[in-house]
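Just so we're on the same page: letters track the sequence lines, and every chain starts at 1.
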Protein chains: 2
Amino acid sequence: MAVTRATAQQSIVRDALQAHDGFRSAQDVFADLRAAGHRIGLSTVYRHLQSFAAQGIADVIHDGDGEATYRYCGESHVGEHHHHLVCRHCGRAEEVEGGPVERWAAQTARRFGYVELDHTVELFGVCGNCRSYLPS
Amino acid sequence: MAVTRATAQQSIVRDALQAHDGFRSAQDVFADLRAAGHRIGLSTVYRHLQSFAAQGIADVIHDGDGEATYRYCGESHVGEHHHHLVCRHCGRAEEVEGGPVERWAAQTARRFGYVELDHTVELFGVCGNCRSYLPS
DNA sequence: CGCTTACTGGGAATGATTCTCATGAGCGAT
DNA sequence: ATCGCTCATGAGAATCATTCCCAGTAAGCG
């Protein structure tokens with residue numbers, strides 16, 4: 001399942017992800033690459049995005065429509081846990097520390113007797129940049 | 001879009017939701033109702049579940065596969081904001097207060113200059129009951 | 001009781017993701 | 001540099017949840 005060999009397709013998928021600082025869907029990435037004239041298959045894009053996510057070098061969130069979106073988060077902090085503040089207008093995302101949330105989650109789980117805790121925390125808003133473009 | 005008329009189908013969908021204290025997918029509810037001998041269409045199940053969610057009497061979360069799951073949360077606290085601690089084994093869910101998270105979210109958004117904040121917070125774990133059934 | 005209008009449900013359409021499998025390309029061995 | 005063994009690739013088909021379409025049905029007001 002994990003892609004291990006260094007191939008041209010792996011590179012261009014990684015590059016396409018890195019080229020944006022927001023979350024992008026597999027379909028988006030595929031469309032971009034094709035538009036840029038690259039020969040690549042949709043299956044391959046899915047494979048690599050999922051592989052990146054599994055390795056921890058990309059983060060995944062599911063948008064409201066259930067479409068999975070990916071964001072390149074660098075090899076640097078693999079394994080570190082963080083959350084995102086995502087602009088619902090331009091897709092740009094900030095990495096944020098979740099200290100207080102982690103503590104609250106652990107506490108809550110303990111109170112109810114739950115173990116093997118995991119959680120999803122995503123913040124959505126409109127960034128300062130997009131605010132000016134938007135009405136009201 | 002919102003269903004306003006009192007129909008038999010609306011009742012049985014609501015009952016099917018209330019019959020469980022965990023999150024259930026539209027497909028699940030549909031299968032249950034059909035298995036129980038009710039004549040109902042899949043479209044209708046989707047319509048009512050979404051309508052309940054819009055009215056705030058049901059909560060929605062998207063599981064890992066992007067499948068939407070619904071839970072009946074009563075007419076009582078419509079409009080009140082709460083989160084869930086869900087057992088990933090039996091599906092049972094507890095409603096939890098998110099006070100600290102709300103504050104952290106607001107604070108974080110302000111620091112980055114984001115407005116119109118919204119967030120998704122879900123906790124997953126294994127409940128005390130299921131813990132005994134599981135290995136390790 | 002009859003009429004209007006909203007609800008219903010079967011099936012087709014959509015859209016994302018996964019599967020299949022023949023072809024093509026890494027890369028270690030020679 | 002070449003060979004060969006695998007694993008990666010990609011086109012299209014398959015799958016699956018969800019939505020759309022629309023003719024038939026029923027709610028509830030008058």
Side-chain angles (χ1 to χ4, degrees), chain A residues 1-17 20 22-55 57-71 91 120 122, chain B residues 1-17 20 22-55 57-71 91 120 122:
Chain A
M1 175 117 271
V3 182
T4 57
R5 229 171 236 181
T7 67
Q9 286 85 347
Q10 185 181 49
S11 307
I12 63 176
V13 172
R14 193 197 332 268
D15 292 348
L17 255 199
H20 293 259
F23 282 85
R24 328 212 59 230
S25 72
Q27 303 282 348
D28 288 345
V29 171
F30 175 66
D32 285 358
L33 290 176
R34 276 300 181 87
H38 286 107
R39 253 199 283 95
I40 193 170
L42 184 52
S43 316
T44 304
V45 173
Y46 274 101
R47 262 193 296 261
H48 284 297
L49 289 178
Q50 288 164 0
S51 171
F52 292 158
Q55 292 171 246
I57 61 181
D59 288 331
V60 198
I61 68 182
H62 288 80
D63 66 13
D65 309 324
E67 192 177 16
T69 56
Y70 302 81
R71 177 176 191 269
T120 66
E122 303 299 343
Chain B
M1 177 114 270
V3 182
T4 58
R5 227 173 238 181
T7 66
Q9 287 84 349
Q10 185 182 49
S11 305
I12 63 176
V13 171
R14 195 200 327 273
D15 291 349
L17 255 201
H20 293 258
F23 282 85
R24 327 212 60 228
S25 73
Q27 303 281 348
D28 287 345
V29 171
F30 175 67
D32 284 359
L33 289 176
R34 276 303 180 84
H38 287 107
R39 252 200 280 93
I40 194 171
L42 184 52
S43 316
T44 303
V45 172
Y46 273 102
R47 262 194 298 260
H48 283 297
L49 289 177
Q50 286 164 1
S51 170
F52 293 158
Q55 293 172 245
I57 61 180
D59 289 332
V60 198
I61 66 184
H62 288 81
D63 66 13
D65 308 325
E67 191 177 17
T69 55
Y70 302 82
R71 177 176 193 269
T120 67
E122 302 299 343

**Report entry** Side-chain heavy atoms of V13(B) within contact of I40(B), under 4.5 Å
**Finding:** yes
Query raised in the report: When the distance from OH of Y46(B) to P of dC16(D) is rounded to whole Å, what number comes out?
Result: 13 Å
**Report entry** Interatomic distance where CG belongs to D63(B) and C1' belongs to dT18(D) [whole Å]
**Finding:** 14 Å
Requested in this report: Grab the CG-C1' distance between D28(A) and dG15(C) for me, whole Å please.
Outcome: 13 Å
Requested in this report: For F30(A) and dG12(D), give me the distance from atom CZ to atom P, rounded to whole Å.
Outcome: 11 Å
Query raised in the report: Can you find a side chain N or O atom of Q9(A) that sits less than 4.0 Å from OP1 or OP2 on dG10(D)?
Result: yes
Requested in this report: Hey, could you give me each pair passing side chain to side chain donor-acceptor pair (under 3.5 Å) that has a residue in residues 27-36 of chain A? Not counting sequence neighbours.
Outcome: R24(A)-D32(A), S25(A)-D28(A), Q27(A)-Y46(A)
Query raised in the report: Any side-chain heavy-atom pair from T44(A) and F30(A) closer than 4.5 angstrom?
Result: no
Query raised in the report: Which angle, to the nearest 10 degrees, lies between the helix axes at the two ends of the helix from dC1(C)-dG30(D) to dT30(C)-dA1(D), each defined by five pairs?
Result: 30°
Query raised in the report: At under 4.0 Å, does any side-chain N or O of H48(A) touch on OP1 or OP2 of dA8(D)?
Result: no
Query - Below 4.0 Å: OP1/OP2 of dA16(C) and any side-chain N or O of S25(A) - result: no
Query raised in the report: Which residues in residues 35-43 of chain B have at least one heavy atom lying under 4.0 Å from any atom of DNA chain C?
Result: R39(B), I40(B), G41(B), S43(B)
**Report entry** Side chains of V60(B) and L49(B) in contact at under 4.5 Å (non-hydrogen atoms)
**Finding:** no
Query raised in the report: With respect to the phosphate group of dG9(C), does any side-chain polar atom (N or O) of R34(B) fall under 4.0 Å of OP1 or OP2?
Result: no
Requested in this report: Assign each of H62(B) and A8(B) to its nearest nucleotide of DNA chain D by heavy atoms, then name whichever residue's nucleotide is nearer the 5' end.
Outcome: H62(B)
Query raised in the report: Any side-chain N or O of T7(B) less than 4.0 Å from the OP1 or OP2 oxygen of dT8(C)?
Result: yes
Query - Value in whole Å for how far the C1' atom of dA8(D) lies from CG of L49(A) - result: 15 Å
Requested in this report: Let me know the distance between CZ of R5(A) and P of dG24(C), rounded to the nearest Å.
Outcome: 16 Å
**Report entry** Value in whole Å for how far the P atom of dC20(D) lies from CD of Q50(B)
**Finding:** 9 Å
**Report entry** Whole-Å gap separating C1' (dA6(C)) and CZ (R47(B))
**Finding:** 10 Å
